[in-house]
Peer 1: 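Following this message is one structure expressed as structure tokens.
Naming: A, B, ... by sequence-line order, numbering from 1 per chain.
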There are 2 protein chains.
Amino acid sequence: MGQRRADTIAEELEERIFDGTFSDGDRLDEVRLAQQFGVSRTPLREAFQRLALSGLVELIPRRGAFVRQPGPVELMEMFEVMAELEAVCGRLAGKRISDQALAELNEANAKCLAAVEAQDSDSYYVENERFHQILYRESGNSFLRQEACKLHKRLKPFRRQQLRFRGRLAQSMAEHEAVVKALTAGNGEAAAAALRDHVAVQGEKFHTLMASLRNAAE
Amino acid sequence: MGQRRADTIAEELEERIFDGTFSDGDRLDEVRLAQQFGVSRTPLREAFQRLALSGLVELIPRRGAFVRQPGPVELMEMFEVMAELEAVCGRLAGKRISDQALAELNEANAKCLAAVEAQDSDSYYVENERFHQILYRESGNSFLRQEACKLHKRLKPFRRQQLRFRGRLAQSMAEHEAVVKALTAGNGEAAAAALRDHVAVQGEKFHTLMASLRNAAE
DNA sequence: GTCAATATTTTTGTATACAAGAATGCCCTT
DNA sequence: AAGGGCATTCTTGTATACAAAAATATTGAC
């Protein structure tokens with residue numbers, strides 16, 4: 001049933017929620033948006049359901065669809081779960097990763113390093129993505145990979161800014177290398193620990209995250 | 001937007017998928033089901049979307065809604081993730097659990113023991129549920145709790161039969177006690193390991209799971 | 001002037017109608 | 001008889017219409 005328009009509309013709305021056009025608590029008006037998109041209410045309602053699935057929107061019976069941005073507490077919780085999921089991927093990958101995948105990780109890491117030296121945080125961001133996607137895959141568990149990807153995507157808008165700060169790139173880089181080293185040694189537990197620390201929000205990262213939240217609220 | 005009928009219809013369909021009225025690959029016919037429920041196609045389509053969210057149904061554009069039961073591989077993967085999620089809950093609970101919650105766990109466990117002695121696997125099942133729900137809660141992470149509950153619910157139909165076999169009840173009971181002991185000692189790592197083993201599908205459990213799958217296919 | 005009850009207006013939820021794409025069957029060709 | 005192309009039929013996706021619930025405004029009493 002995924003449909004032409006409802007699909008694209010869902011994406012468009014997702015975009016607008018991420019970029020701040022809609023903020024927390026806003027009601028998504030069916031008729032207004034329908035007019036705006038030049039469609040009827042039906043595809044709009046289907047799009048709302050999609051967004052509710054990914055947690056971006058809350059559907060309240062007989063009341064409507066409301067934008068639901070995670071607050072500080074929920075965000076911390078989500079990052080904690082992300083850290084644990086990545087740790088699990090790392091531990092499983094310790095036993096299951098292929099030599100080829102290890103080579104891919106090294107390659108992604110090399111590009112990361114190049115980006116660090118070029119002070120190119122955007123490029124770092126892209127390669128960082130690749131690094132983590134490979135990890136999810138090499139957990140050898142497709143279901144886990146999907147779940148990790150879902151949460152990863154959901155946290156995207158909050159993670160991006162994290163990297164734009166002095167020293168973070170180099171530190172992040174070192175953490176990646178610890179992960180690869182552990183995986184090369186087949187030490188899943190060490191990889192898990194390294195990933196948990198890498199993803200966890202703590203210390204300096206906590207403050208930057210809170211600051212970015214404050215920005216988004218405006 | 002959750003609505004009166006679409007909501008109940010989704011639950012009803014979920015029921016029918018679990019109890020085997022619909023099996024893997026079946027197409028859910030909008031018009032037939034609409035007539036059957038005495039409603040129009042609209043609420044049916046909304047219900048489909050709900051089910052797609054929880055992964056029970058796959059929506060293929062311009063083709064329809066198809067029942068999607070996990071195969072053996074996917075099922076093993078889901079159990080592996082469940083084991084890891086519970087392990088995470090356990091590890092976090094090691095640091096965060098309250099004395100009151102520990103008392104609740106002991107109480108649930110006592111009732112489990114009574115059920116074991118009475119050879120009452122249904123009653124054991126209920127208290128076992130409670131045991132795990134408490135654990136999710138005591139992870140101190142609401143988001144984690146929700147995710148754990150979602151997966152737990154999805155695996156429900158496959159777990160139930162697991163307990164109906166000789167020796168499983170007693171073994172499961174012993175595993176619970178190991179978890180409580182670890183948590184009482186504040187040893188998160190030990191609790192995590194105990195939970196991982198408790199939930200993981202391995203050894204005998206593997207064969208009973210495969211057997212139950214074969215039954216469900218008929 | 002304030003509060004409450006009621007009337008009005010919005011807005012959601014559902015039904016029906018219509019349009020377009022996919023599947024099926026038929027006929028024709030080779 | 002087998003394969004391909006075309007027409008028919010069925011099914012999904014979208015629009016519109018209508019009903020019921022919620023929100024809002026209005027009126028009246030104190």
Peer 1: Atom CD1 of A:Ile9 to atom P of D:dT14: distance rounded to whole Å?
Peer 2: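 Value for this atom pair: 8 Å.
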
Peer 1: Are B:Glu14 and B:Arg50 within salt-bridge range, i.e. N to O under 4.0 Å?
Peer 2: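 Between B:Arg50 and B:Glu14 there is no salt bridge, as every charged N stays at least 4.0 Å from the carboxylate O atoms.
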
Peer 1: Are the side chains of A:Leu59 and A:Phe48 in contact, using a 4.5 Å heavy-atom criterion?
Peer 2: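 Touching, per the 4.5 Å side-chain cut-off.
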
Peer 1: Between B:Glu30 (CD) and D:dG13 (C1'), how many Å, whole number?
Peer 2: 9 Å

Peer 1: Between A:Glu175 and A:Arg196, is there a side-chain N and carboxylate O pair less than 4.0 Å apart?
Peer 2: no

Peer 1: Round to the nearest Å and state the distance from A:Gln49 atom CD to C:dG13 atom C1'.
Peer 2: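 Going from A:Gln49 (CD) to C:dG13 (C1'), I get 11 Å.
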
Peer 1: Nearest whole angstrom, please: distance from the C1' of D:dT16 to the CD of A:Gln35.
Peer 2: 14 Å

Peer 1: Can you measure from CZ (B:Phe143) to CE (A:Met82) and round to the nearest 0.5 angstrom?
Peer 2: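 Rounded to the nearest 0.5 Å, the CZ-CE separation comes out at 9.5 Å.
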
Peer 1: Could you list the residues that satisfy ring-ring contact (aromatic ring centres under 6.0 Å, His included) with B:His152, not counting sequence neighbours?
Peer 2: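 If we apply the ring-ring contact (aromatic ring centres under 6.0 Å, His included) test to B:His152, skipping adjacent residues, the hits are B:Tyr136.
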
Peer 1: Using atom CZ of B:Arg41 as one end and atom P of C:dG13 as the other, report the distance to the nearest whole Å.
Peer 2: 19 Å

Peer 1: Assuming nearest nucleotide by heavy-atom distance, tell me which of B:Leu28 and B:Thr42 is located more 5' along DNA chain D.
Peer 2: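 Between the two, 5'-proximity favours B:Leu28.
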
Peer 1: It should be established whether A:Arg45 places a side-chain nitrogen or oxygen under 4.0 Å from OP1 or OP2 of nucleotide C:dT12.
Peer 2: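 No, because none of the side-chain N or O atoms of A:Arg45 sits under 4.0 Å from OP1 or OP2 of C:dT12.
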
Peer 1: Output a table of nitrogen or oxygen pairs between the protein and nucleotides 23-25 of chain C separated by less than 3.5 Å.
Peer 2:
residue, atom, partner, partner atom, Å
C:dA23, OP1, B:Arg63, NE, 2.5
C:dA23, OP1, B:Arg63, NH1, 3.1
C:dA23, OP1, B:Arg63, NH2, 2.4

Peer 1: I'd like to check the side chain to side chain donor-acceptor pair (under 3.5 Å) partners of A:Arg96; sequence neighbours left out, ordered by chain and number.
Peer 2: B:Glu80

Peer 1: For a quick check under 3.5 Å, do A:Glu86 and A:His198 share a side-chain donor-acceptor pair by atom type?
Peer 2: no

Peer 1: Of all residues at least two apart in sequence or in a different chain, which pass the side chain to side chain donor-acceptor pair (under 3.5 Å) check with A:Glu12?
Peer 2: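 Partners of A:Glu12 under the side chain to side chain donor-acceptor pair (under 3.5 Å) test: A:Arg16.
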
Peer 1: If you measure only the distance, is there a donor-acceptor pair under 3.5 Å linking the side chains of A:Thr21 and A:Asp19?
Peer 2: yes

Peer 1: When the distance from CG of B:Leu33 to C1' of D:dT11 is rounded to whole Å, what number comes out?
Peer 2: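 Atom-to-atom, B:Leu33 to D:dT11, this comes out as 14 Å.
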
Peer 1: Quantify the bending of the helix from C:dG1-D:dC30 to C:dT30-D:dA1 as the angle between its end axes, each fitted on five pairs, to 10°.
Peer 2: 0°

Peer 1: Base, sugar-phosphate alone, or nothing: which one does A:Val31 contact when heavy atoms must sit under 4.0 Å apart?
Peer 2: nothing

Peer 1: Between the side chains of A:Glu138 and A:Lys95, is the shortest nitrogen-to-carboxylate-oxygen separation below 4.0 Å, so that they form an ion pair?
Peer 2: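 A salt bridge is absent here (no side-chain N lies under 4.0 Å from a carboxylate O).
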
Peer 1: Does the pair A:Glu84/B:Arg91 count as a salt bridge with the N-to-O cut at 4.0 Å?
Peer 2: yes

Peer 1: Taking only nitrogen or oxygen atoms into account, show me every contact under 3.5 Å that the protein makes with nucleotides 6-10 of chain C, one pair per line with its distance.
Peer 2:
none

Peer 1: Please give, in whole Å, the distance from D:dG13 C1' to B:Asp29 CG?
Peer 2: 15 Å

Peer 1: Tell me the interatomic distance from A:Leu59, atom CG, to C:dG13, atom C1', rounded to whole angstroms.
Peer 2: 12 Å

